[in-house]
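One-based numbering along the sequence shown. Note that the structure is a prediction, hence the values are computed from the model and not measured.
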Amino acid sequence: MEEYQGLLENNGLVGYAQEVLKETDQSCFVQTAKQLHVRIQKATESLKSFRPAAQTSFEDYVVNTSKQTELLGELSFFSSALFAVFSFLFDEKCGYNNEHLLLNLKRDRVESRAGFNLLLAAERIQVGYYTSLDYIIGDVGITKGKHFWAFRVEPYSYLVKAGVASSDKLQEWLRSPRDAVSPRYEQDSGHDSGSEDTCFDSSQPFTLVTIGMKKFFIPKSPTSSNEPENRVLPMPTSIGVLLDCDKGRVAFYDVDHMKCLYERQVDCSHAMYPAFALMGSGGVQLEESITAKYLGYQESM
């Protein structure tokens, strides 16, 4: 407190000296200047021994950043030079079923009308009878390099499967008879079919994840927990797919939060295509523009 009081007095002394210099009467100036000179000498001496009462060191100040460090550790950023933003439209020729699917003129949005058609054909449905998925693919294939694309699934969608598939596997799916396949044994992602409990392929020419009812379903895996509470996530607003043909890896991202939701090996020995499948009411919208600041990529891929 004494140091603070001294600083205030010295500050006032400067202002007083400025006023003395304005004095025009010589006798008054000489008398006042003598007193001012003595006060300045005392103030100068006191400043030589001045020591602040507060410590200027932050040695004892500790900031806990463990939570922030953990959150930052979950993120990794990559340059757009490491991958190519893959541009494509929905293919209206290969496997497209215009009775069940509605494609807009720009071919960047598809909606499923299977729900209404299924009601019209309800008299044909018997016990043990199933309908198949309606597939639609991208009009451009990928043979090498890293490629990224993104899409949105409408919140009202009942079931949408999205991912990648080889040209050979797509031909196999599209040649299958419609409305005659049990979903338990249907060849989709290789994870959520009925045979997944007994066999897991380390590498296969396709990977599809399931999205629907505002949820994102992590495919089952022999190396992670398969409990439903660990496999069901809120559906992201925008979902990204990163395909690395050179390393044979595919990853799915929550684009808004730069978070990898799921990744696995995939056989890229043939041309790979973006693949989608819908059942019941649903809609998929391709994203038009993707910038690097929205993308998170784990270099371990």
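Linking Ile, Leu, Val, Met, Phe, Trp and Tyr whenever their side-chain heavy atoms come within less than 4.5 Å puts Val140 and Val250 in one cluster. Hydrophobic clustering (side-chain heavy atoms under 4.5 Å, transitive across Ile, Leu, Val, Met, Phe, Trp, Tyr) keeps Leu208 apart from Val232. The hydrophobic cluster containing Val110 does not contain Leu102, counting ILVMFWY residues as joined when their side-chain heavy atoms lie under 4.5 angstrom apart, directly or transitively.
The two residues Ser238 and Ala150 have their closest heavy-atom pair at OG-CB, 4.0 Å. Taking both residues in full, the closest heavy atoms of Ala251 and Tyr253 are given as CB-CE1, 3.6 Å, listed atom of the first, atom of the second, then distance. The minimum heavy-atom distance linking Asn104 with Arg107 is given by the pair OD1-N, 2.9 Å. Considering every non-hydrogen atom in both Leu103 and Tyr96, the closest pair reads N-OH, 3.1 Å. Between Phe86 and Pro274, the shortest heavy-atom contact is CE2-CG, 3.6 Å. A pairwise comparison of heavy atoms in Leu243 and Cys268 identifies CD1-SG, 4.1 Å as the closest pair.
To the nearest 0.5 Å, atom OG of residue Ser157 and atom CD of residue Glu111 are 9.0 Å apart. Distance check, rounded to the nearest 0.5 Å: CG of Leu242 to CZ of Phe148 gives 7.0 Å. Atom NZ of Lys146 and atom CD1 of Ile142 lie 13.5 Å apart (nearest 0.5 Å). Distance CG/Asp256 to OG1/Thr237: 5.0 Å, rounded to 0.5 Å. Rounding to the nearest 0.5 Å places OG1 of Thr143 at 12.5 Å from NE2 of His270. The CZ atom of Phe252 lies 9.5 Å from the CZ atom of Arg264; values are rounded to the nearest 0.5 Å.
Under the rule for a side chain to side chain contact (heavy atoms under 4.5 Å, CB included), the partners of Pro205 that lie at least two apart in sequence or sit in another chain are Ser166, Lys169, Asp267. Partners of Asp246 according to the side chain to side chain contact (heavy atoms under 4.5 Å, CB included) rule, which considers only residues two or more places apart in sequence or in another chain, are Lys144, Asp244. When the side chain to side chain contact (heavy atoms under 4.5 Å, CB included) test is applied to Asp91, the partners found at least two apart in sequence or on another chain are Lys93, Cys94, Ile137, Asp139.
Side chain of Thr210 to main chain of Lys161: no donor-acceptor pair is present (N/O by atom type, distance under 3.5 Å, no hydrogens or angles).
Heavy atoms from other residues, nucleotides or ligands lying under 6.0 Å from OH of Tyr156 number more than 12.
Phe206 has its side chain within reach of Trp173: a pair of non-hydrogen atoms, C-beta onward, lies under 4.5 Å apart. Proximity of Ile218 to Asn230: side-chain heavy atoms (C-beta onward) are nowhere separated by under 4.5 Å. Considering only heavy atoms from C-beta on, Trp149 stays 4.5 Å or farther from Leu286 through its side chain. The side-chain heavy atoms of Leu174 and Tyr135, taken from C-beta on, include a pair separated by under 4.5 Å. Residues Ile239 and Asp254 fail the side-chain proximity criterion, which asks for heavy atoms closer than 4.5 Å. Inter-residue side-chain proximity for Phe151 and Asp108 is flagged as unmet; no heavy-atom pair is nearer than 4.5 Å. Contact annotation: the side chain of Met235 approaches that of Val153 to within less than 4.5 Å [non-hydrogen atoms, C-beta and beyond]. Annotation: side chain of Gln265 is not in contact with side chain of Thr207 (no heavy-atom distance under 4.5 Å).
You'll find the ring centres of Phe90 and Phe276 inside the 6.0 Å limit.
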- Message: Lys214 vs Glu154, test: salt bridge (Lys or Arg N to Asp or Glu O under 4.0 Å). Steps then yes/no.
- Response: CA-CA 8 Å; Lys214 300 182 180 180; Glu154 296 297 339; over 6 Å; no
- Report the C-alpha separation of Val209 and Tyr262 in whole Å, then their side-chain angles, then the decisive distance to 0.1 Å, and conclude whether the side-chain contact (heavy atoms from CB on, under 4.5 Å) test is met. CA-CA 9 Å; Val209 296; Tyr262 174 70; 4.0 Å; yes
- Carefully, step by step, assess Ser112 and Leu101 under the rule side-chain contact (heavy atoms from CB on, under 4.5 Å). CA-CA 5 Å; Ser112 172; Leu101 299 178; 4.1 Å; yes
